[in-house]
2 protein chains.
Amino acid sequence: MQKAMHAPELTKNQRLVLDALSREDGPLSAYTLLDQLREHGFRAPLQVYRALEKLIDYGLVHRLESLNSFVACSHPHDHAHGMIAFAICEKCGQVDEFSDDMVESRLSGWSKDHAFKLSKTTIEMRGTCAQCKAA
Amino acid sequence: MQKAMHAPELTKNQRLVLDALSREDGPLSAYTLLDQLREHGFRAPLQVYRALEKLIDYGLVHRLESLNSFVACSHPHDHAHGMIAFAICEKCGQVDEFSDDMVESRLSGWSKDHAFKLSKTTIEMRGTCAQCKAA
DNA sequence: ATGGCGATGTGATGTTATTACATCAACATC
DNA sequence: GATGTTGATGTAATAACATCACATCGCCAT
C-alpha cells in the first residue's frame with residue numbers, strides 16, 4: 001500500500017514535466033523529456049529528475065522500472081490507489097495501469113507472514129497488447 | 001509464465017559470472033561483477049552482460065529491475081518456475097524469491113481478459129526484512 | 001581446408017542517474 | 001530594512017548502467 005502525499009500547487013518545472021507526460025500515450029525517458037522541454041528552458045537532467053521525483057511522490061506519475069521511464073498516472077484523482085500493476089506493450093509502447101485486490105492481498109499477506117515491512121511494490125507485465133497482436 | 005530454456009554446459013565466462021553471483025547472498029550490478037572478475041581476465045562490460053543474458057535465459061539468474069542488478073536463482077533446479085516475486089530488503093540487500101499461484105493466476109487472468117499476450121512479469125517488493133526491522 | 005557458427009575480446013559510444021555547489025524567490029523574525 | 005531559513009532552480013561534472021561495431025578464435029560438419 002503506497003501513500004501518495006497530497007499534491008500542493010505544482011511548480012513551473014513540475015507542471016512542464018507533467019504536461020509533457022500527459023500529452024503522450026506512452027512512457028517517456030527522463031532524457032526524452034529533457035529534449036522536449038529544452039524549448040521551455042530546460043538545460044540539465046536534474047531539472048527533469050527533480051520534477052519527476054516530486055510528481056511521483058504526489059502520485060501523479062509512475063516510474064516503470066523495467067523501462068527506466070515514466071508515465072503519467074491514468075487515475076490521478078483516485079487518491080486511494082494502492083498497489084498498481086502495469087501491462088506494457090513491447091510493440092507499441094502502450095501502458096495499461098490497473099489494480100487487483102487479490103494480488104495486493106496475497107503480496108501483503110506474504111509480507112506479513114515473513115515480517116517484511118513493505119514500502120513499495122513494482123508489478124510490470126511485458127507483452128503484446130490486443131491491437132498489436134491483431135495487426 | 002516464463003519459459004526457461006534448458007541449460008547446456010556453461011561456457012567459461014558464464015561459469016565465472018554464475019559462481020560470482022552464487023557466492024553472494026545479495027544481488028550484484030554488472031559492473032561490480034566486472035570488477036570481481038578482472039582477476040579472472042574480464043576486461044569489458046560486454047563480457048559480463050553476455051554471460052548474464054544467457055544465464056537469465058537458462059533461468060539460473062534473475063535480473064532485478066528496480067535495482068539494475070542481478071541475483072543467482074535460489075531454486076535453479078525447479079525448472080517449472082513461472083512468475084517469480086522478489087522481496088528486497090533496502091537495509092541489508094537481502095533478496096527473497098518466491099512464487100504465489102494466486103498472484104500468477106490473477107495476473108494471467110487479467111492478461112487473458114484483455115487479450116494481452118504476456119511474455120514476462122516483474123514483481124518486486126521493496127522494504128525492510130524481519131532481521132533489519134528487529135535491529 | 002573450408003565454411004559456418006557461437007563465444008570471446010576490445011574500444012568506443014550511448015543512455016540513465018547522481019553529486020556538488022551556486023543562486024534565487026518567498027517568507028518569517030528580529 | 002537586515003538577516004536567516006526554506007524549497008526550488010541552474011549548471012557542470014561525473015558516476016553508473018548498457019550497447020554497438022568489428023575483429024578473432026575454437027569447434028565441428030562438410
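Quick note on labels: first sequence line is chain A, next is B, and so on, each numbered from 1. Computation of the quantities below employed the complete heavy-atom set of this structure, encompassing side-chain atoms and omitting hydrogens, waters and symmetry-equivalent molecules.
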Decide yes or no for B:Phe70 and B:Leu55: does some side-chain heavy atom of the first lie under 4.5 Å from some side-chain heavy atom of the second? no

Those residues that, when tested against A:Glu24, pass side chain to side chain contact (heavy atoms under 4.5 Å, CB included) (two or more places apart): A:Leu28, A:Gln36

D:dG10 P sits how many Å from A:Leu37 CG, rounded? 11 Å

Students should find that the nucleotides of DNA chain C closing off the region near chain A, any atom under 4.0 angstrom from a heavy atom, are C:dT16 to C:dA20

State whether B:Arg23 and B:Asp19 are salt-bridged, where the test is any N-O pair (Lys NZ or Arg NE/NH1/NH2 against Asp/Glu carboxylate O) under 4.0 Å. no

In whole angstroms, how far is the C1' atom of D:dA8 from the CG atom of A:Asn13? 8 Å

Partner residues of B:Phe86 under the ring-ring contact (aromatic ring centres under 6.0 Å, His included) criterion, sequence neighbours left out: B:His62

Using a cut-off of 4.0 Å between protein heavy atoms and nucleotide atoms, how would you tag nucleotides 12-24 of chain D 5' to 3' with B, S and -? -----BBBBB---

Close side-chain approach of A:Glu97 to A:Cys73, heavy-atom, < 4.5 Å: yes

DNA chain C contacts among residues 14-22 of chain B, heavy-atom distance under 4.0 Å: none

Hey, is the main chain of B:Ala115 close enough, under 3.5 Å, to the side chain of A:Lys133 for a donor-acceptor pair? yes

What pairs of residues pass the salt bridge (charged side-chain N to carboxylate O under 4.0 Å, His left out) test when at least one of them lies in residues 26-43 of chain A, not counting sequence neighbours? A:Asp35-A:Arg38

Could you tell me whether B:Asp113 atom CG has more than 12 heavy atoms of other residues or ligands within 6.0 Å of it? yes

Are B:Met102 and B:Ile84 joined in one hydrophobic group, where the rule is that I, L, V, M, F, W and Y side chains link up if heavy atoms are under 4.5 Å apart? no

Before accepting this row, confirm whether a basic side-chain N of the pair A:Glu124/A:Arg126 lies closer than 4.0 Å to the acidic partner's carboxylate O. no

